A.B. asks: 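Can you keep this structure in mind? I'll have questions shortly.
This one's a predicted model, so the numbers in the text were calculated from it and none came from an experiment. Lettering of chains follows the sequences in order, A, B, ..., and the numbering in each one begins at 1.
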Amino acid sequence: MTSLNVEETKALIEEVLEVYPEKAKADRAKHLTVAEPGQETKGCITSNRKALPGVLTNRGCAYAGSKGVVWGPIKDMIHISHGPVGCGQYSRAGRRNYYVGTTGVDSYGTMNFTSDFQEKDIVFGGDKKLETLIDEIETLFPLNKGISVQSECPIGLIGDDIEAVSKAKAAEIGKPVVPVRCEGFRGVSQSLGHHIANDAVRDWVLSEDNKKEVGPYDVALIADYNIGGDAWSSRILLEEMGLNVVTQWSGDGTLNEVKNNVNVKLNLLHCYRSMNYLARHMEEKYDIPWVEFNFFGPTKTEESLRKIASFFDETIQANAEKVIAKYKAQTDAIIEKYRPRLEGKRVMLYVGGLRPRHTIGAYQDLGMEVIGTGYEFGHNDDYERTMEDLQNSTLLYDDVTGYEFEEFVKAMKPDLIGGGIKEKYIFQKMGIPFRQMHSWDYSGPYHGYDGFAIFARDMDMTLNNPCWKEMTAPWKKSA
Amino acid sequence: MPSVMLRENEGQLTLYIAKKDLEANVVSLEHDQADRWGGKIELDDGSAWYLDPMDTKPKLPKTVRVRRA
Ligand code: SF4
């Protein structure tokens with residue numbers, strides 16, 4: 001299979017856009033482009049705009065960004081999906097944020113708490129119901145450390161005063177009750193939900209009052225959601241380096257860890273998109289610098305370990321080198337085993353917050369090439385960061401529509417696609433190997449050196465699965 | 001008058017406008033002295049902003065209000 005060159009890819013974009021009406025075509029054209037490594041990037045692609053009515057978008061809503069991503073994994077708090085039952089129930093435990101704890105006793109990550117709005121709650125308001133719900137939670141789950149109220153669409157529409165209820169109830173039960181105004185209709189995607197959730201943490205959890213003495217190597221691991229255990233396989237590397245991870249959230253995180261975030265020397269930010277707002281805030285208010293890092297694949301992990309170490313003294317820097325050396329043999333063995341099976345394979349990605357750029361290096365380490373990538377809800381700053389990671393000319397698609405993605409795939413014929421559950425079965429039925437790259441297809445972790453072993457195995461297992469040769473029914477095969 | 005954050009990133013002064021997701025390098029700053037800081041700010045994307053000059057150089061990062069220049 002030959003790769004398309006820049007001109008051909010541009011022609012492909014034109015061709016795919018052809019079916020749209022004039023206005024939609026002009027709009028979508030701004031979200032599609034071909035980028036070459038190192039190219040000047042400012043404004044090369046439009047992002048973070050409302051999806052067009054009539055196209056199939058894969059985005060989520062602000063509630064999904066707040067409850068599903070930022071708040072949900074804080075395990076010892078109870079997050080109420082305030083509103084109708086569906087929003088929480090259909091997204092329940094779908095992100096596979098692992099945690100340690102006894103579910104239903106001291107941890108609540110995979111449970112769904114909802115006020116289950118009915119018609120009468122819409123008509124007469126749901127504040128009373130929320131009060132009752134909080135009382136019930138206190139009776140049934142007394143070990144919870146706090147409660148957050150995650151608003152679904154109707155709450156904003158009917159104008160309930162969840163702030164007043166939260167304040168009154170917090171005083172009554174003596175625990176934090178955090179109202180989060182993340183109604184699904186706000187913003188254009190789940191991205192605003194991250195921002196709103198960040199702001200709620202800023203306003204309701206972080207505080208000067210929690211300030212205490214900070215050790216020289218105290219760091220926070222933030223915006224790692226511990227999907228399939230990602231934060232754990234990252235954390236061991238940091239600890240081996242001699243850093244003291246005093247706070248890790250929201251994956252496998254606790255409310256106390258969030259509070260304690262003001263007492264660190266450095267914030268280690270994995271997913272820039274979902275927590276940069278807080279990182280910037282803590283830098284300004286609490287004087288805590290932050291650094292982005294990337295723990296996918298050995299090359300990027302190595303770079304990141306050095307970058308993190310550069311914020312500390314020689315001891316840590318020397319330790320970082322030791323960690324890198326220690327895992328060398330392990331990663332070399334993985335690459336030796338899998339690279340021959342994956343070399344030269346071409347990948348198209350379409351994912352969320354950080355993976356459209358962060359995983360490129362890991363594929364590269366296995367000799368694979370990313371030929372197309374895009375974000376569901378990225379912003380300008382994400383695309384700028386993506387440019388640094390590109391290795392070859394790459395098709396970029398922002399908030400790609402179902403139709404566009406299928407057409408691109410038909411023309412570019414990638415050997416593997418990494419995307420979400422909504423695309424998965426379409427592409428599998430088209431006979432193309434597919435990995436679900438949001439929750440690692442029931443696998444993981446993928447972060448760090450240990451994660452890379454699993455990443456490589458999974459890619460091989462998917463790509464070289466014998467089933468892809470059996471796509472034609474036996475009776476349809478020519479003899 | 002958008003609210004923007006000025007920040008030093010590896011020695012380079014940057015300006016971040018949350019509303020626009022714009023993170024741009026500052027190419028020129030009118031007053032960059034210890035006792036007078038601010039004025040016209042030019043960015044590498046070609047746009048320019050005006051920050052009322054301050055009497056001291058603030059501790060960065062700092063959120064400030066700027067006008068279009
Ligand atoms: S858009 Fe509204 S109704 Fe739909 S899932 Fe999000 S919060 Fe619920």
A.B. asks: Please report the shortest heavy-atom distance between A:Thr46 and A:His31, naming the atom on each side.
C.D. replies: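 Reported closest heavy-atom pair: O-ND1, 3.0 Å.
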A.B. asks: Between A:Val70 and A:Ser274, which heavy-atom pair has the shortest distance, and what is it?
C.D. replies: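 Nearest heavy atoms, A:Val70 then A:Ser274: CG2-O, 4.1 Å.
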A.B. asks: Does the A:Thr33 side chain pair with the main chain of A:Leu396, one donor and one acceptor, at a distance under 3.5 Å?
C.D. replies: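 Looks like no, no N/O pair under 3.5 Å.
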A.B. asks: Using non-hydrogen atoms and a limit below 4.5 Å, what part of residues 30-43 of chain B faces chain A?
C.D. replies: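 Interface residues of residues 30-43 of chain B: none, nothing closer than 4.5 Å to chain A.
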A.B. asks: If the threshold is 4.0 Å, N to carboxylate O, is there a salt bridge linking A:Arg385 and B:Glu23?
C.D. replies: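 Yes, this pair counts.
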A.B. asks: State whether the side chain of A:Gln317 and the backbone N or O of A:Phe312 hold a donor-acceptor pair below 3.5 Å, judged by distance alone.
C.D. replies: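 Pair found, side chain donor or acceptor close to backbone of A:Phe312.
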A.B. asks: Can you check whether anything in residues 61-69 of chain B gets within less than 4.5 Å of chain A, heavy-atom wise, and list it by number?
C.D. replies: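 Residues in range: B:Pro61, B:Lys62, B:Thr63.
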A.B. asks: Treating A:Thr386 as the side-chain partner and A:Arg357 as the backbone partner, does any N or O pair qualify as donor plus acceptor under 3.5 Å?
C.D. replies: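 Side chain of A:Thr386 to backbone of A:Arg357, a donor-acceptor pair under 3.5 Å: no, none is there.
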A.B. asks: Should the pair A:Asp389-A:Lys300 be classified as a salt bridge under the 4.0 Å nitrogen-to-oxygen rule?
C.D. replies: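 Looking at A:Lys300 together with A:Asp389, the answer is yes, because their closest N to O distance falls below 4.0 Å.
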A.B. asks: If we ignore hydrogens and angles and just use 3.5 Å, is the side chain of A:Ser304 paired with the main-chain N or O of A:Asn294 as donor and acceptor?
C.D. replies: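 Judged by distance alone, yes, a pair lies under 3.5 Å.
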A.B. asks: Is there a donor-acceptor pair closer than 3.5 Å between any side-chain N or O of A:Asp224 and the backbone N or O of A:His270?
C.D. replies: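 Flag not set: sc A:Asp224 to bb A:His270 has no pair under 3.5 Å.
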A.B. asks: Is there a donor-acceptor pair under 3.5 Å between the side chain of A:Tyr383 and the backbone N or O of A:Ile45?
C.D. replies: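 Side chain of A:Tyr383 to backbone of A:Ile45: no pair is present.
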A.B. asks: With distance as the sole criterion, is a donor-acceptor pair present between the side chains of A:Asp382 and A:Asn48 under 3.5 Å?
C.D. replies: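 There is no such pair (donor and acceptor under 3.5 Å, judged by atom type) between the side chains of A:Asp382 and A:Asn48.
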A.B. asks: Decide whether a cation-pi geometry holds between A:Arg280 and B:Tyr16; the criteria are a distance under 6.0 Å from NZ or CZ to the six-membered ring centre and an angle within 45° of the ring axis.
C.D. replies: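 Verdict for B:Tyr16: a cation-pi partner in A:Arg280.
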A.B. asks: Using distance alone, with no hydrogens and no angle criterion, decide if A:Ser47 and A:Asp398 have a side-chain donor and acceptor under 3.5 Å apart.
C.D. replies: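 Not at all, the side chains of A:Ser47 and A:Asp398 share no donor-acceptor pair under 3.5 Å.
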A.B. asks: Under 3.5 Å, is there a donor-acceptor pair between the side chain of A:Lys259 and the main chain of A:Ser207?
C.D. replies: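 Pair absent, no side-chain N/O of A:Lys259 close to backbone of A:Ser207.
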A.B. asks: Do any of residues 46-60 of chain B have a heavy atom less than 4.5 Å from a heavy atom of chain A, and if so, which, in residue order?
C.D. replies: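 Hits under 4.5 Å: B:Lys59.
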A.B. asks: Can you establish whether the number of heavy atoms outside A:Arg306 located under 6.0 Å from its atom CZ is more than 12?
C.D. replies: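 Above 12, so yes.
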A.B. asks: How would you list, in number order, the residues of residues 189-201 of chain A that have a heavy atom less than 4.5 Å from chain B?
C.D. replies: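 Not one residue of residues 189-201 of chain A has a heavy atom under 4.5 Å from chain B.
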A.B. asks: Please tell me whether A:Tyr350 and A:Asn58 have a donor and an acceptor in their side chains that are separated by less than 3.5 angstrom.
C.D. replies: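 A:Asn58 and A:Tyr350 do not have a side-chain donor-acceptor pair below 3.5 Å.
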